Amino acid sequence: HRQVHEVQSYMGHLETSAKESVHLVENEIQARIDNIFSNLERLEILSSKEPPNKRQNAKLRVDQLKYDVQHLQTALRNFQQRRYLREQQERQREELLARTFTANDSATTIPMDETLQYNESLQSAHRGMDELIGSGTNILQGLRDQRLTLKGTHKKILDVANMLGLSNTVMRLIEKRAFQDKFLMLGGMAVTCVIMFLVVHYLT
């Protein structure tokens, strides 16, 4: 918990950090997040060795910590993406201001206009690709977070099942019955479709 609060404090310094030192702050935050993830892996192992009456509560606390750290990791990546886009726009602005323009005669007016339009189209496509990559990164991170959450939920369900005293034999029978019910449902659907087809075919 102390390490998570320290990372949160560092995250508050990102917006106010100077451009020259923001990279150092980002690297420090990433190193601390990696360290927390490493500690959480050890905590998961230790929580599994707790007494049965304390094991469930310990695992829930570890999962909550992991969820908080994943949100911090996502916030850091979002900030890095915004900073990258901001720096790219500043570089383009500086290049535009540093460019020297000369008067064009009438013979070169049309080609320059076409070149400018082509350049604007390229910049627009470039910005669109950056936004698409950013959205894809966010979606991928969201899927990873959901996978970890589902994994934790699956573990909790197994723990609850063990606490209820369900044996492996009972679980296999339940899975077998569910598998048979699925085929019965599919067979019933197929027979119903055939009957409907025959009725429609011979009565119309």
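If you're wondering where the values come from, they're calculated on a predicted model, not measured in any experiment.
The side chain to side chain donor-acceptor pair (under 3.5 Å) test applied to Arg2 returns Glu6, not counting sequence neighbours. Annotation: ring pair (Phe, Tyr, Trp, His ring centres under 6.0 Å) contacts of Tyr67 (sequence neighbours excluded): His71.
The distance from atom CD1 of Ile33 to atom CD of Gln73, rounded to the nearest 0.5 Å, is 4.5 Å. Atom CG of Leu40 and atom CG of Leu46 lie 11.5 Å apart (nearest 0.5 Å). From His5, atom NE2 reaches atom CD of Gln3 across 11.5 Å, with rounding to the nearest 0.5 Å. Here CG of Leu198 is found 11.0 Å from SG of Cys193. Values are rounded to the nearest 0.5 Å. To the nearest 0.5 Å, atoms CD1 (Ile29) and CG (Asp34) are separated by 12.0 Å. The CG atom of Leu43 lies 9.5 Å from the CZ atom of Arg61; values are rounded to the nearest 0.5 Å.
Hydrophobic cluster membership is shared by Phe37 and Leu72, with clusters built from Ile, Leu, Val, Met, Phe, Trp and Tyr side chains linked at under 4.5 angstrom.
Across all non-hydrogen atoms, the minimal contact from Ser48 to Lys59 is CA-CE, 4.3 Å. When all heavy atoms of Thr192 and Gly188 are compared, the pair lying nearest together is OG1-O, 2.7 Å. Summarising the geometry of Val7 relative to Ile36, their closest heavy-atom pair is CG2-CD1, 3.8 Å, with the distance given to 0.1 Å. The two residues Leu76 and Met11 make their nearest non-hydrogen contact at N-CE, 3.7 Å.
For Arg86 and Glu90, the salt-bridge test fails: no basic side-chain N is under 4.0 Å from an acidic carboxylate O. Salt-bridge annotation for Glu26 and Arg83: present, with a side-chain N of the basic residue lying under 4.0 Å from a carboxylate O of the acidic one. No salt bridge links Arg91 with Glu95; every basic N to acidic carboxylate O contact stays at or beyond 4.0 Å.
A 6.0 Å sphere centred on CE of Met185 holds more than 12 heavy atoms belonging to other residues, nucleotides or ligands.
Between the side chains of Glu50 and Gln56, no donor-acceptor pair is found at a separation under 3.5 Å.
Using a 4.5 Å cut-off on side-chain heavy atoms (C-beta onward), Gln88 and Leu85 make contact. Using a 4.5 Å cut-off on side-chain heavy atoms (C-beta onward), Val22 and Phe79 make contact.
A side-chain donor-acceptor contact under 3.5 Å links Thr74 to the backbone of Gln70.
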